[in-house]
Amino acid sequence: QVQLVESVGGLVQAGGSLRLSCAASRRTFLTAAMGWFRQAPGKEREFVAAINWSGSSTSLADSVKGRFTISIDNTKNTIYLQMNSLKPEDTAVYYCAAGSRVTMTAQYNYWGQGTQVTVSA
């Protein structure tokens, strides 16, 4: 079993920045990639970003390109989501996920508990 521990989100004003982190308890072939999804009230969970352990492959949703960056620290089994120029529509519960490959689908093997990010207008 792999545990994913997310950092606490927060409340930020529109235009502000926030960084999320997610630490995996261990690495296996089932956690070769890690990523972030988010779910706003009344909406389906959607893909945000993903990265493989070497950092050689990344993927970002069109809605966050140019504003969000995903990175990885292999020494700490941790990924980061740097969110800049935040908009009220970025408000959601953000979930960390780990899987065997970088994909925009929800085909990840492990999920974190989720952390709330709220962007005020």
Side-chain angles (χ1 to χ4, degrees):
Q1 189 69 12
V2 174
Q3 281 75 46
L4 302 176
V5 180
E6 299 141 337
S7 60
V8 175
L11 171 64
V12 63
Q13 289 187 332
S17 298
L18 195 63
R19 189 178 81 157
L20 301 179
S21 66
C22 175
S25 58
R26 64 191 185 101
R27 289 172 56 179
T28 75
F29 71 97
L30 293 176
T31 61
M34 291 181 68
W36 293 94
F37 285 73
R38 66 187 182 185
Q39 187 167 19
K43 295 187 178 181
E44 294 187 353
R45 189 173 297 189
E46 64 174 1
F47 171 79
V48 177
I51 188 169
N52 64 354
W53 277 110
S54 69
S56 62
S57 177
T58 61
S59 184
L60 285 168
D62 288 342
S63 59
V64 305
K65 283 181 180 177
R67 301 188 298 122
F68 290 13
T69 303
I70 188 168
S71 60
I72 189 165
D73 184 339
N74 285 305
T75 65
K76 299 179 180 180
N77 288 357
T78 298
I79 62 168
Y80 301 93
L81 184 68
Q82 178 65 45
M83 304 183 290
N84 299 328
S85 301
L86 282 161
K87 304 175 181 180
E89 51 263 44
D90 294 317
T91 295
V93 176
Y94 283 69
Y95 294 91
C96 177
S100 57
R101 63 186 182 94
V102 171
T103 174
M104 292 186 179
T105 71
Q107 294 178 356
Y108 286 79
N109 300 307
Y110 303 99
W111 293 84
Q113 298 279 10
T115 187
Q116 178 70 46
V117 172
T118 302
V119 184
S120 62

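Sequential numbering from 1 along the given sequence is applied to the chain's residues. No experiment lies behind these values; they were computed from the predicted model shown.
Residues passing the side-chain contact (heavy atoms from CB on, under 4.5 Å) test with A98, sequence neighbours excluded: L4, T31, M34, Y110. In this structure S56 satisfies the side-chain contact (heavy atoms from CB on, under 4.5 Å) test together with N52, S54, sequence neighbours excluded. By the side-chain hydrogen bond (donor to acceptor under 3.5 Å, both in side chains) test, S100 is found to be paired with no residue, residues two or more places apart in sequence or in another chain being considered. Every residue two or more places apart in sequence or in another chain that forms a side-chain contact (heavy atoms from CB on, under 4.5 Å) with S85 is listed here: R67. Residues satisfying the ring-ring contact (aromatic ring centres under 6.0 Å, His included) criterion with W111, sequence neighbours excluded, are F37.
A distance of 8.0 Å separates OG in S25 from CG in N77, rounded to the nearest 0.5 Å. One finds the CE atom of M104 at 3.0 Å from the OG atom of S59 (value rounded to the nearest 0.5 Å).
Residue pairs meeting the ring pair (Phe, Tyr, Trp, His ring centres under 6.0 Å) criterion with at least one partner in residues 50-105, sequence neighbours excluded, are absent. Screening residues 31-90 for disulfide bond (SG atoms under 2.5 Å apart), with sequence neighbours left out, gives no hits. Sorted by first and then second residue, the disulfide bond (SG atoms under 2.5 Å apart) pairs with a member in residues 38-67 form an empty list; sequence neighbours excluded. Contacts classified as disulfide bond (SG atoms under 2.5 Å apart) and involving residues 29-91 (residues at least two apart or in different chains) are not found. For residues 40-50, the pairs satisfying side-chain hydrogen bond (donor to acceptor under 3.5 Å, both in side chains) are R38-E46, with sequence neighbours left out. Applying the disulfide bond (SG atoms under 2.5 Å apart) test to pairs two or more places apart or on separate chains, those with a residue in residues 17-121 are C22-C96.
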Run the side-chain donor-acceptor check on residues 7-19: report pairs under 3.5 Å with partners two or more places apart or on a different chain.
from: S7; atom 1: OG; to: S21; atom 2: N; distance (Å): 2.9
from: S17; atom 1: OG; to: N84; atom 2: OD1; distance (Å): 2.9

